[in-house]
Amino acid sequence: MERHYNLYRLAKRLLLWLLPFFVVGWVFEQLWLALAVGLACSVAWNFFFFQRLNRWLWQSRTTLPPRAPGAWSDIYDGIYGTLRRAQFKRRQLSVLLQRFRQAAEAIPDAGMVLSADGSLEWTNKLAQIYFGIRWPADKNIRITNLIRYPRFNKYFEKGDFREAITLISPTGDQRELELRIMPYSGTQLLVIARDVTQLRKLERMRKDFVANVSHELKTPLTVMNGYLEMLEDGESLPPQMMEKAVHDMQGQTQRMQKMVNQLLELSRMEVQTQDNFSKRVPMSRLLNDIIAELGPVMQEKRLHLDVAITPDLSVWGSEDKLRSAGMNLLTNAIKYSPEGSNIKVSWQLVRDFAEFSVIDSGPGIPLEHIPRLTERFYRVEKDRNSASGGTGLGLSIVKHALEHHRSKLQVESTVGVGSKFYFRIPPELVSSPTS
Ligand code: ADP
């Protein structure tokens, strides 16, 4: 009820209005006529303000009511108050709606609201990107016409949304999307789609990794098991056979040990995601140490090493990782080079970058294998390389070590001629006398 409205006040006003007419009618003994005139004046007066109210409500552009005396001022004020409150509520609602929209845009998932028959009522930006929806042109179109997969059609028509469904984005960008549908505000449906491409990739990688490790361990374990069974009744084993058994078992255990060490090194590198560039690594000393360490193996294969190492050309970064990268690349070059061939190692400034390269005259690598060389356990010729003690982990370690130094492993190779493995450290991590 309005603050000003009061039935008693209204009745009092009417009586006060009629009082002069009553007195005049009484004096002139025309009471009824005078009262009728009084009432007619009151009707005319009210009619005038009623008309003004109508004009204000329907024609005026302002929300401010016209001025009026008496009871009409109460009515105008009452309507004005109600209008103001409605306006305030509308403003509050629109702020709320805007906040809801902003929240819906901020969530990292695609969201759509469907009506009971499955036609699109609302969508956020991400849903428009994931499903190629044109907004508002696609409003009121059935979801099954927007996501045109028979599997999704069947899922939607069945109406059992307890399980999520995974689809490839219909826009053709190979994004894997996990869709969940749930009832929303009575009759509507809320669709939430999440990009699970990365998650699924990681799941596949984990499965591949377990399968690869198990496969890699199976061969040496089978070999060792075979020999151990033979050794069980060792008396009958000729000395030559015995020697071969011990040699093979040693080879297999060394390979397993190497693999485990490399896996540990890889997982250590993955854990250390924090970049630390506070240490200056003297690369010339580090590379000369590696060369000295590998000297005996090179001599054994009668390899000729051509070395061009720039002294004082250092790198800000991790010594262990750079040693690992250099060691793995040079070990590979030695391993895959034929006896008596040449290997060239260089460490020099190329423009502002510091470049490390190892060139060998080995068998070379067919082009189609090059992009996959840094994958874990990837070997070009699996059987031959595993027999030579290769694990297929060395280059993935190199990749990780270089990523830490904002660099990438590059490979140039010609089958039958040889390979060049190289990487360039960006200028901001290079420390040389000129920089
Ligand atoms: P592995 O322990 O098998 O050498 P890597 O990850 O170091 O593993 O190398 C992956 C594969 O790349 C090797 O199995 C080999 O096929 C190929 N490869 C690496 N370096 C060379 C090279 N210098 N010449 C020819 N092939 C190479």
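Indexing begins at 1, ligand by ligand and atom by atom, following the structure's order. Everything quoted here is computed from the prediction, not taken from an experiment.
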Subject >> Option whose closest heavy atom lies nearest to atom 9 (O) of ligand 1, chosen from I334, L330, L395 >> reply: L395
**OP:** Run the contact test for G362 against ligand 1 with a 4.0 Å cut-off on heavy atoms, strictly below, and give the result.
**Re:** no
Original post:
Is H369 near ligand 1, meaning one of its heavy atoms is under 4.0 Å from it?
Top reply: no
For ligand 1, which atoms sit closer than 4.0 Å to a heavy atom of [X]?
X    : answer
K335 : 1 (P), 2 (O), 4 (O)
D360 : 22 (C), 23 (N), 24 (N)
L393 : 6 (O), 8 (O)
V380 : 14 (O), 16 (O), 17 (C)
F421 : 19 (C), 20 (N), 21 (C), 22 (C), 23 (N)
G390 : 1 (P), 2 (O), 3 (O)
S419 : 24 (N)

Under 3.5 Å: N/O of [X] near N/O of ligand 1:
X    : result
K258 : no
R379 : no
G392 : yes
L373 : no
P363 : no
N332 : yes

Original post:
Just by distance, with hydrogens left out, do Y227 and D248 show a side-chain donor and acceptor under 3.5 Å apart?
Top reply: yes
Please classify the [X] to ligand 1 contact at 4.0 Å (heavy-atom distances, strictly less than): side chain, backbone, both or neither.
X    : value
T374 : neither
Y378 : backbone
I365 : side chain

**OP:** Given side-chain contact (heavy atoms from CB on, under 4.5 Å), test S396 with Q262 step by step and report yes or no.
**Re:** CA-CA 10 Å; S396 36; Q262 283 182 319; over 6 Å; no
Is [Y] paired with [X] through a side-chain N to carboxylate O contact shorter than 4.0 Å?
X    : Y    : result
R285 : E319 : yes
E216 : R255 : yes
R406 : E428 : yes

Original post:
Can you name the one residue among V315, V345, L330 that meets side chain to side chain contact (heavy atoms under 4.5 Å, CB included) with F356?
Top reply: V345
**OP:** Could you check if a side-chain atom of L179 sits within less than 4.5 angstrom of a side-chain atom of I192, using non-hydrogen atoms only?
**Re:** no
Original post:
Does any non-hydrogen side-chain atom of L393 lie less than 4.5 Å from one of R376?
Top reply: yes
Subject >> Minimum heavy-atom distance M298-L305, with the two atoms named >> reply: CE-CD2, 3.9 Å
**OP:** Check L373 against V380 and note the closest heavy-atom contact, atom names and distance.
**Re:** CD2-CG2, 3.8 Å
Original post:
Does the side-chain contact (heavy atoms from CB on, under 4.5 Å) test come out yes or no for Y422 and V411, once each step is laid out?
Top reply: CA-CA 6 Å; Y422 66 102; V411 185; over 6 Å; no
Original post:
With under 30° as parallel and over 60° as perpendicular, where do the rings of Y76 and W56 fit, or are they tilted in between?
Top reply: perpendicular
